[in-house]
Amino acid sequence: MVDWSDPLLLSLRVSLLATALTGIVGVGGAWVIARTSLPGRRVLEVVATLPIVLPPTVLGYYLLVALGRTSPIGRVWESVFGQPLVFTWQGAVVAASIASLPYCLRTARAAISEVDVRYEQAARTMGLPEWRIALQVTLPLARRGILAGLALAFARALGDFGATLMVAGNIPGRTRTMPIAIYDAVQAGNDARALYLSVVLSLVAVSVLAAVTLLERRPA
Amino acid sequence: MSALAVSLRHRLERFELDVRFEVPVGLTVLFGPSGAGKSLTLALVAGLRRADAGRVELSGRTLFDSERGVDLPTRQRRVGFVFQDALLLPHRSVLDNVALAVRDERSRRSRRARAHALLEEVGAVELAPARPSTLSGGQRQRVALARALAGSPDLLLLDEPLSALDDPVRERLRRLVREVVESHRVPALFVTHDRDEAAVLADALVRLRAGRVEEVVERGGVGEALARSSGAERELAAAHARIRELERALADAGRATSVVERRAHAE
């Protein structure tokens with residue numbers, strides 16, 4: 001008896017964690033790009049956009065090299081956690097995070113840029129320090145764009161195939177996420193399973209799209 | 001005795017500000033036509049913009065000194081600011097807007113109590129739970145005034161706070177501004193291009209024109225100074241009043257037109 005729910009649960013766990021990770025890095029980076037004069041912030045935005053334009057397998061290959069057992073990151077990870085990062089579900093989280101980062105960062109950056117800086121000036125006259133202005137004024141005023149960016153990042157993380165396959169492989173029950181399981185089912189000639197998994201993944205994706213549309217259309 | 005001493009130079013693309021004046025205790029009106037540099041002066045005093053050169057001293061503290069490299073961030077200047085369009089934080093309640101600005105109170109509870117007392121003082125206590133977007137222009141400025149006072153500021157800066165309001169509301173708020181400046185014993189710098197407003201409010205007056213201080217009038221001489229202002233200025237003040245009337249008429253006409261259009265579509 002096959003455990004049908006396994007790839008879905010794994011996919012949800014991986015993409016939720018990836019969304020959390022990409023949310024922290026993406027929203028933080030978006031704020032730095034939109035609201036500071038840090039040198040190199042434009043370069044940062046371009047680099048963070050690369051996962052959109054790079055072919056997923058190429059992105060996956062670079063990640064595999066960067067995170068592999070002989071790489072500095074891979075060695076540090078292994079010495080801390082006692083197991084390699086590549087070909088584990090944690091590796092899948094990293095791959096999905098990187099693949100979805102540009103969607104979160106760019107959407108959040110646009111939303112933050114649209115916040116009227118005069119509210120931030122008003123907050124300065126209220127005696128608030130800059131970190132509180134960022135957390136209590138700027139981000140809340142940009143919240144709809146940020147939530148839309150997180151939803152897009154989640155959808156992208158959920159659907160990642162190429163980068164995840166390169167970095168985490170296709171290990172049943174451990175790194176076989178939904179998109180890889182669909183590919184696997186087709187390869188094995190199991191059309192019913194492929195259809196079932198595809199419909200489930202489509203429903204999740206359509207829900208995300210509906211959420212984004214609502215967030216963008218509802219008036220402030 | 002002066003509370004605030006300002007000496008500032010700042011260049012913009014097509015404008016140069018070069019002002020030097022002192023503000024005594026009480027309410028000083030920064031008066032002049034549009035484009036004289038009034039709002040820019042306030043922004044520089046508050047530290048919302050960085051002046052090219054000069055000094056700002058408030059009650060013996062140096063807020064800005066380009067030669068000594070002093071440039072306190074806005075939050076350390078202890079100035080309350082009332083903006084023309086209030087700029088209440090739209091995602092927080094009226095009470096939060098004031099409570100967030102309260103200084104010198106440790107607990108959340110005492111901050112909210114102080115905010116409540118200030119809203120009471122400006123006649124807006126019943127608005128405490130409301131969102132700023134549901135307030136009228138006059139109510140917003142009352143709340144903005146309470147918020148500006150919440151930090152127990154050493155100086156109150158008001159940038160044309162009443163110029164977008166209708167006459168009766170404006171009159172009431174002028175009185176309120178006078179009352180709070182007196183009861184809080186806070187020196188205030190009030191920007192306006194409205195002669196009546198200047199006449200009603202000013203203990204002292206600094207007249208600005210084209211980025212320069214044209215005249216400083218101490219207590220007692222304000223009415224006289226405003227009366228002897230040039231014909232051109234009187235014309236300009238009249239023109240401003242006319243523009244406000246036309247804007248209002250235009251807005252009314254716009255509403256009327258849209259009703260007509262809707263009817264036309266319906267038919």
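In what follows, every chain begins at residue 1, and chains take the letters A, B, ... in the order their sequences are listed.
In this structure, His91(B) contributes its side chain and Arg143(A) its backbone to no donor-acceptor pair below 3.5 Å.
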Side-chain donor-acceptor pairs of residues 43-58 of chain A under 3.5 Å, sequence neighbours excluded:
residue: Glu45(A); atom: OE2; partner: Arg109(A); partner atom: NE; Å: 3.0
residue: Glu45(A); atom: OE2; partner: Arg109(A); partner atom: NH2; Å: 3.2
residue: Thr49(A); atom: OG1; partner: Glu45(A); partner atom: O; Å: 2.6
residue: Thr49(A); atom: OG1; partner: Arg106(A); partner atom: NH1; Å: 2.9

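The 12-atom threshold is not exceeded at CZ of Arg11(B), counting heavy atoms of other residues, nucleotides or ligands nearer than 6.0 Å. Other residues, nucleotides and ligands place no more than 12 heavy atoms under 6.0 Å from the OH atom of Tyr183(A).
Within the model, atoms CG of Leu87(B) and CE of Met126(A) stand 11.0 Å from one another, a figure rounded to the nearest 0.5 Å. The distance from atom OG1 of Thr74(B) to atom CG of Leu128(A), rounded to the nearest 0.5 Å, is 11.5 Å. Here the CG-CD distance, from Leu89(B) to Glu120(A), works out to 10.0 Å after rounding to the nearest 0.5 Å. Taken from CZ in Phe83(B) to CD in Gln121(A), the straight-line distance is 6.0 Å, to the nearest 0.5 Å. With rounding to the nearest 0.5 Å, the separation of OG1 in Thr125(A) from CZ in Arg77(B) is 12.5 Å.
For Arg78(B), no part lies under 4.5 angstrom from a heavy atom of chain A. Leu88(B) touches chain A through its backbone: at least one of N, CA, C or O sits under 4.5 Å from a heavy atom, while the side chain does not.
Of all the heavy atoms in Arg75(B) and Glu130(A), the pair that sits closest is NH1-N, 4.4 Å.
Listed options Pro90(B), Ala86(B), Gly47(B) were ranked by heavy-atom pairs under 4.5 angstrom with chain A; first place goes to Pro90(B).
Taking 4.5 Å as the heavy-atom cut-off, the residues of residues 93-101 of chain B that approach chain A are Asn97(B), Leu100(B), Ala101(B), ordered by number.
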